[in-house]
Amino acid sequence: MPVAQQTPPPATDAPDASVRADVVAWFDRHARDLPWRAADRTAWGVLVSEVMLQQTPVVRVEPAWRAWLERWPSPADLAAAPTADVLRAWDRLGYPRRALRLQECARAVVERHGGVVPDDETALLALPGVGAYTAAAVRAFAFGRRSVVLDTNVRRVLARVAAGEALPAPAQTAAEVRRAAAWVPDDDAAAARWSAASMELGALVCTARTPRCAACPVADRCRWLAAGRPADAHAHRRRTQAWAGTDRQVRGRVMALLREALAPVPHDALAAVWPDAAQLARCVDALVADGLVTRDPAPGEDPDPAAATYRLPH
DNA sequence: AACCCGGGGAA
DNA sequence: TTCCCAGGGTT
């Protein structure tokens with residue numbers, strides 16, 4: 001595996017066709033055999049995978065995705081499901097609002113597009129839970145169309161290979177999007193392959209913590225490696241998200257309790273999952289406002305909170 | 001632009 | 001313990 005520099009890296013972050021070709025060739029040999037990449041995949045299956053993968057690692061998504069698609073193969077199937085079933089099937093993938101939006105998305109696909117996932121960028125972006133990344137990913141991976149797929153992996157690969165930086169900026173910049181767009185080939189099929197390949201390289205080789213440069217097909221043309229792998233320039237601006245004691249932990253415990261509850265849960269029983277009554281009440285109210293929890297009677301109908309029960313929405 | 005939103009596994 | 005993960009929506 002060549003690590004030493006053989007040819008001078010480009011002076012700019014302009015696209016390098018030889019890098020693209022070698023990354024794609026590497027992908028052809030090393031791509032993971034993921035179910036949403038199978039020949040018999042559906043556009044809906046791809047969309048479901050992208051929503052699940054928005055903030056959950058591949059290894060945890062794969063079994064959940066298989067079970068999900070077996071249970072609800074089409075948008076119409078998910079659209080017709082009880083929301084409580086959807087939230088229980090989402091289980092511990094995290095960020096359960098994604099599950100809610102995925103069902104809203106399924107209903108929008110049924111109502112707006114006759115149950116068929118659209119391939120139009122504007123139509124995709126209008127779907128609940130679908131942002132710039134997911135719309136681009138569905139266009140590329142489900143329909144083989146050219147789009148600028150810019151996720152955390154592609155951002156890191158381009159930051160290193162093209163810009164010589166250890167990691168991309170904490171927040172995506174407009175300049176980064178322009179650079180990524182310049183790297184995407186004009187041809188639809190070639191563009192889709194580059195998107196999948198650059199993402200996979202970031203996931204398997206050009207990883208955040210301990211990159212495997214010795215296994216990288218373009219190590220000899222990487223500006224970051226050529227510069228001696230300088231440290232992350234924006235390290236001082238990154239702050240880690242706290243977890244213990246946060247509302248996110250409280251919300252997770254409430255949702256876990258309600259997923260397993262066989263009957264509506266009285267407020268007193270809910271209190272067992274968190275000692276701070278004020279924080280718990282605030283989080284439960286937020287979950288109700290988010291549509292993840294249903295309060296009976298509905299908020300405002302009965303001012304006595306001690307009489308209320310909580311459950312997953314139907 | 002900043003902030004909020006879960007959960008698990010690897011380093 | 002800390003860090004990372006195929007982001008999106010709201011303010």
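Proteins come first, then strands; the chains are lettered A, B, ... in the order of their sequence lines, and each starts at number 1.
For Asp91(A), the side-chain hydrogen bond (donor to acceptor under 3.5 Å, both in side chains) criterion is met by no residue, not counting sequence neighbours. Scanning for side-chain contact (heavy atoms from CB on, under 4.5 Å) contacts around Arg37(A) gives Phe27(A), Ala31(A), Arg32(A), Leu34(A), Glu200(A), with sequence neighbours left out. Among residues two or more places apart in sequence or in another chain, the salt bridge (charged side-chain N to carboxylate O under 4.0 Å, His left out) test is passed with Asp276(A) by none. Residues meeting the side-chain hydrogen bond (donor to acceptor under 3.5 Å, both in side chains) test with Arg160(A), sequence neighbours left out: none. Looking at residues two or more places apart in sequence or on another chain, you find no side-chain hydrogen bond (donor to acceptor under 3.5 Å, both in side chains) involving Asp119(A). Residues passing the side-chain hydrogen bond (donor to acceptor under 3.5 Å, both in side chains) test with Asp186(A), sequence neighbours excluded: none.
Between the side chains of Glu165(A) and Trp224(A), not a single donor N or O lies within less than 3.5 Å of an accepting N or O.
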Distances under 3.5 Å only, N/O to N/O: pair up the protein atoms with those of nucleotides 2-4 of chain B.
| unit_1 | atom_1 | unit_2 | atom_2 | d |
| --- | --- | --- | --- | --- |
| dC3(B) | OP2 | Arg239(A) | NH2 | 3.3 |

Problem set entry | Residues Arg248(A), Tyr95(A); criterion side-chain hydrogen bond (donor to acceptor under 3.5 Å, both in side chains); working and verdict | CA-CA 9 Å; Arg248(A) 300 164 78 180; Tyr95(A) 297 111; 2.4 Å; yes

Problem set entry | Glu121(A) vs Ser147(A), side-chain hydrogen bond (donor to acceptor under 3.5 Å, both in side chains): CA-CA, chis, key distance, verdict | CA-CA 9 Å; Glu121(A) 174 110 35; Ser147(A) 62; over 6 Å; no

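Spacing of C1' atoms, dC5(C) relative to dC5(B), comes out at 14 Å, to the nearest Å. For dT10(C) and dG6(B), the P atoms lie 15 Å apart once the distance is rounded to whole Å. Between dA6(C) and dA11(B), the two P atoms lie 14 Å apart (nearest whole Å).
Taking each heavy atom of Leu292(A) and Leu312(A) in turn, the nearest pair found is O-CD2, 3.8 Å. What you find for Ala231(A) and Ala166(A) is that their closest heavy atoms are C-CB, 3.9 Å.
Contact footprint of chain A on DNA chain C: nucleotides with an atom under 4.0 Å from a non-hydrogen protein atom, first to last in 5' to 3' order, dC3(C) to dG9(C).
In this structure, Leu127(A) and Asn153(A) both approach DNA chain C, and ranking their closest nucleotides by distance from the 5' end singles out Asn153(A). The nearest heavy atom of DNA chain C to Leu34(A) and to Arg101(A) marks one nucleotide each, and the one closer to the 5' end goes with Leu34(A). Looking at which nucleotide of DNA chain B each of Arg251(A) and Arg209(A) is closest to, the 5′-most match is held by Arg251(A). Nucleotides of DNA chain B nearest to Met255(A) and Gln172(A) differ in position, and the one nearer the 5' end is that of Gln172(A).
No engagement by Val61(A) is indicated, since no non-hydrogen atom pair under 4.0 Å with the nucleic acid exists. At a threshold of 4.0 angstrom between heavy atoms, the contacts of Ala208(A) are confined to the sugar-phosphate backbone, with no base atom among them. Looking at heavy-atom distances under 4.0 Å, Ala203(A) makes no contact with the nucleic acid at all.
Judged as a side chain to side chain donor-acceptor pair (under 3.5 Å), the pairs with a partner in residues 41-52 of chain A (not counting sequence neighbours) are, in order, Glu50(A)-Tyr133(A).
Using a 4.0 Å cutoff on non-hydrogen atoms, the parts of residues 76-95 of chain A near DNA chain B are Arg92(A), Leu93(A), Gly94(A), Tyr95(A), ordered by number. Less than 4.0 Å separates DNA chain C from at least one heavy atom of each of the following residues of residues 35-60 of chain A: Trp36(A), Arg37(A), Glu50(A), Leu53(A), Gln54(A), Gln55(A), Pro57(A).
Atom CH2 in Trp274(A) sits roughly 13 Å away from atom P in dG6(B) (whole-Å rounding). The CH2-P distance, from Trp243(A) to dG9(B), rounds to 14 Å in whole Å. If you measure from atom CZ of Arg259(A) to atom P of dG6(B), you get 10 Å, rounded to the nearest angstrom.
Distance check, rounded to the nearest 0.5 Å: OG1 of Thr134(A) to CZ of Arg139(A) gives 14.0 Å.
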Please output the side-chain donor-acceptor pairs of residues 59-71 of chain A that fall under 3.5 Å, not counting sequence neighbours, one pair per line with the distance.
| unit_1 | atom_1 | unit_2 | atom_2 | d |
| --- | --- | --- | --- | --- |
| Arg60(A) | NH2 | Arg92(A) | O | 2.6 |
| Glu62(A) | OE2 | Arg66(A) | NH2 | 2.9 |
| Trp65(A) | NE1 | Gly45(A) | O | 2.9 |

